[in-house]
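Shown next, in structure tokens, is the structure this report addresses.
What's counted below: heavy atoms across the whole structure, side chains too, no hydrogens, waters or symmetry copies. In what follows, chains are A, B, ... by sequence order, proteins preceding strands, each numbered from 1.
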Amino acid sequence: MNHPIDELRQHRLDKLERIRARGDEPYKYSFQRSCTVAEARLALEQAESAAGEGQEITPIPATLAGRLVALRKQGKSSFGNIRDERAAIQLFLNQNVLGEETYEALKDLDIGDFVGATGHVKRTRTGEITLFVERYEILSKSMKALPEKYHGLTDVETRYRQRYLDMVANPEVLDRFRARIAMINAMREFLVARGYLEVETPMLHPIPGGATARPFITHHNTYDRDLYLRIAPELYLKRLIVGGFEKVFEINRNFRNEGVDTRHNPEFTMLELYEAYQDYNGLMVATEELFCAAIEGVLGTLEFDYQEDRIVATRPWKRLGLFEAIREYAGIDLERTRDRDAAAALANGAGVHVDASMGYGKIVDAVMSEKVKPQLVQPTFLYDYPIEISPLAKKKRGNPDLTERFQVFIGRLELCNAFSELNDPIDQRERFEAQVALREKGDDEAQYLDEDYIAALEIGMPPTAGLGIGIDRLAMLLTDSASIREVIIFPQLRSIE
RNA sequence: GGACGGGUAGCUCAGUCGGUAGAGCAUCGGACUUUUAAUCCGGUGGCCGCGGGUUCGAGUCCCGCCCCGUUCACCA
């Protein structure tokens with residue numbers, strides 16, 4: 001068989017042989033760089049500005065390492081480019097300098113190999129910052145052809161399945177994930193500075209709680225029992241508030257056995273925080289501050305573009321009652337109508353599809369999702385949600401049909417969910433029982449009754465407000481990404497058999 | 001799960017009416033001592049996503065399936 005892959009592979013194997021035959025090792029154990037490529041470039045630029053316009057400067061000695069990303073041979077001299085994590089630099093390789101034998105050995109280098117090189121950094125006469133190489137060595141041999149240099153790798157499936165290749169071929173992908181990391185760091189620093197404790201709670205739950213979603217089920221052999229990958233950390237974080245911590249947060253993965261689309265990945269990262277003696281009013285302020293810290297931490301400004309829209313996130317953000325928003329954007333009033341069928345009729349009239357299984361709360365939620373959310377470009381709080389779809393939130397003062405709950409929307413993305421936490425154990429039990437009743441009627445997303453959580457509330461939980469932020473979606477917003485898969489480094493794809 | 005779009009060389013893509021499977025880059029050989037998508041000459045490289053069908057003949061038409069994207073449904 002003469003497959004091209006075999007041929008290319010054979011060429012590389014031959015090169016490995018030749019390298020080893022020279023007594024060299026194509027997979028080195030370490031390499032001592034004098035600095036990074038970016039540092040070398042900066043050193044030259046600083047020397048230049050110190051010397052002044054048009055002055056001769058002394059070339060800067062440097063030993064650099066990186067992946068060889070281009071090699072232009074021109075007879076007895078050659079140009080290459082290496083790239084390390086942060087920057088790329090041109091190499092100049094000349095037979096007179098390297099010696100005939102070493103220069104000849106360039107034949108055994110391929111684009112994709114890691115190379116270490118020692119020489120002096122200066123500009124070529126075309127002005128390109130270049131390492132004039134005096135010694136080089138191969139550090140690691142690549143056995144595969146890299147994607148084409150000009151177009152890069154654009155095939156979305158390959159980009160997601162082989163993210164490492166995406167990162168090699170498209171360096172801006174590194175920037176996107178750096179932005180995500182910077183965002184998380186900014187939020188963590190903000191919270192730690194305000195005295196929140198970062199905690200870790202279980203990923204394996206005996207009862208999946210804290211959200212309405214289908215769980216992944218797994219099995220623990222020693223205890224011979226099924227466990228669930230957590231759909232939310234909420235109930236454990238609130239147990240910590242019961243235990244005596246007053247400000248806690250966790251940034252970690254949740255798993256939900258639901259559909260996959262541009263805004264949903266089966267595993268996703270959530271920041272949840274809880275603060276004792278706080279309610280949703282105070283939390284709205286803190287939420288605004290936290291979001292702004294994240295946005296400025298990444299972008300350095302509160303004004304930015306997301307897809308087609310210009311977002312201006314300067315505070316204060318718009319606040320709208322949920323029903324007010326529905327009146328404004330859907331043109332119907334669902335607040336006065338607590339009757340399920342009347343609400344369904346109004347929703348239908350507004351062009352929102354309602355099916356028979358949906359109760360009042362879900363109808364309100366559907367109208368919000370279809371008619372309100374698509375209008376919420378600028379940062380907006382929606383607050384006061386129906387009790388039916390908020391089983392862990394405290395009833396609104398003066399209106400037991402509503403809960404003290406809010407969500408934040410930016411760029412049509414739903415980014416967080418927060419409420420005054422329900423800490424009345426008797427009310428909580430009734431809410432759980434309502435969920436169990438829904439489950440018995442066939443709603444497999446209804447929540448489970450968690451007796452131990454009730455027991456914790458019976459010990460006593462102070463007044464508390466809590467918040468959950470979809471980290472991946474916020475990363476989408478701050479990196480102008482249309483799909484959640486662009487900000488999840490290894491997104492979930494169907495496996496190929 | 002439905003609708004729409006896509007899957008051809010390692011990568012990026014053409015492929016007309018059903019008639020010998022193409023280009024650029026990469027790769028291999030040659031030329032070249034300041035190039036940077038280097039250039040010039042020559043060569044190698046294909047399960048056309050998979051499986052059926054129609055046909056003298058299928059990358060192309062038909063049917064089924066797989067995978068990806070967008071979208072709708074569900075969810076955050």
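- Following rounding to the nearest Å, A:Ile111 (CD1) and B:rC25 (C1') show an atom-to-atom distance of 10 Å.
- Between A:Ile184 atom CD1 and A:Leu271 atom CG the span is 9.0 Å, to the nearest 0.5 Å.
- A straight line from CD of A:Gln95 to P of B:rA31 spans 12 Å, rounded to a whole angstrom.
- For the pair A:Leu13 CG and B:rU27 P, the interatomic distance rounds to 16 Å; values are reported in whole Å.
- If you check every strand for non-hydrogen atoms under 4.0 Å, A:Ser483 touches sugar and phosphate atoms only.
- Distance A:Lys144 NZ to B:rU27 C1': 14 Å, rounded to the nearest Å.
- Heavy atoms of A:Gly152 sit under 4.0 angstrom from primed sugar atoms or phosphate atoms, though from no base atom.
- Comparing A:Tyr160 and A:Lys149 by the nucleotide of RNA chain B that holds the closest heavy atom to each, the one mapping nearer the 5' end is A:Lys149.
- Protein atom CZ of A:Phe92 is 9 Å distant from nucleotide atom C1' of B:rU35, rounded to whole Å.
- A:Leu493 comes within 4.0 angstrom of sugar-phosphate atoms only, judged by non-hydrogen atoms across all strands, and of no base.
- Set against B:rG24, B:rU35, B:rC67, the side chain of A:Glu157 has B:rC67 as its closest nucleotide.
- Remark: the separation of the C1' atoms in B:rG10 and B:rG18 is 30 Å, to the nearest Å.
- Each of A:Gln90, A:Arg72, A:Lys149 was checked for a side chain to side chain donor-acceptor pair (under 3.5 Å) with A:Asn81, and the lone residue meeting it is A:Arg72.
- With hydrogens and angles ignored, no donor-acceptor pair closer than 3.5 Å exists between the side chain of A:Asn81 and the base of B:rU36.
- Using a 4.0 Å heavy-atom cutoff across all strands shown, A:Asn265 reaches at least one base atom of the nucleic acid.
- Looking at heavy-atom distances under 4.0 Å, A:Glu148 makes contact with a base.
- Residue contacts for A:Thr212: at a heavy-atom cut-off of 4.0 Å it reaches the sugar-phosphate backbone alone, with no base atom in range.
- Side-chain atoms of A:Lys15 lie closest to B:rC28 of the nucleotides B:rU34, B:rA76, B:rC28.
- For A:Arg72, counting side-chain heavy atoms from C-beta on, the closest listed nucleotide (B:rU33, B:rA38, B:rU34) is B:rA38.
- Listed nucleotides B:rU27, B:rU70, B:rU36 differ in distance to A:Gln90; the shortest reach to its side chain belongs to B:rU36.
- The aromatic ring centroids of A:Phe92 and A:Phe79 lie less than 6.0 Å from each other.
- At whole-Å resolution of the value, CD in A:Glu104 and C1' in B:rG29 are 14 Å apart.
- Here the separation of B:rG46 from B:rA3, taken at their P atoms, is 37 Å to the nearest Å.
- Comparing the C1' positions of B:rC41 and B:rU8 gives a spacing of 28 Å, expressed to the nearest Å.
- With hydrogens and angles left out, the side chain of A:Thr154 and the base of B:rU12 share no donor-acceptor pair within 3.5 Å.
- Between A:Phe132 and A:Pro59, every side-chain heavy-atom pair lies at or beyond the 4.5 Å cut-off.
- In terms of polar N and O atoms assigned as donor or acceptor, the side chain of A:Asp261 never comes within less than 3.5 Å of the base of B:rU71 in a complementary pairing.
- The distance between atom CG of A:Leu93 and atom P of B:rU35, rounded to the nearest whole Å, is 15 Å.
- Applying the 3.5 Å distance criterion, the base of B:rU71 shares no donor-acceptor pair with the side chain of A:Thr262.
- Seen from the ring of A:Tyr448, A:Arg439 counts as a face-on cation partner, given the 6.0 Å and 45° thresholds.
- When all heavy atoms of A:Lys76 and A:Tyr103 are compared, the pair lying nearest together is C-OH, 3.2 Å.
- Picking from B:rC68, B:rU34, B:rC11 the nucleotide with the shortest atom distance to the side chain of A:Arg161 gives B:rC68.
- A distance cut-off of 5.5 Å between ring centres, combined with a plane angle under 30°, places A:Phe268 in a stacking arrangement with the base of B:rA76.
- Rounded to whole Å, the C1' atom of B:rG49 lies 24 Å from the corresponding atom of B:rU16.
- If you measure from atom OH of A:Tyr150 to atom P of B:rC13, you get 13 Å, rounded to the nearest angstrom.
- Residue A:Gln74 places no side-chain atom within donor-acceptor reach of the base of B:rU34, judged by atom type and a 3.5 Å distance cut-off alone.
- Using a 4.0 Å heavy-atom cutoff across all strands shown, A:Asn254 reaches no nucleic acid atom at all.
- Nucleotides B:rU60 and B:rG24 place their C1' atoms 24 Å apart, quoted to the nearest Å.
- For A:Ser481 and A:Arg180, the side-chain atoms include no donor-acceptor pair closer than 3.5 Å.
- Distance from the side chain of A:Lys107 is smallest for B:rG30 among the nucleotides B:rU27, B:rG30, B:rC67.
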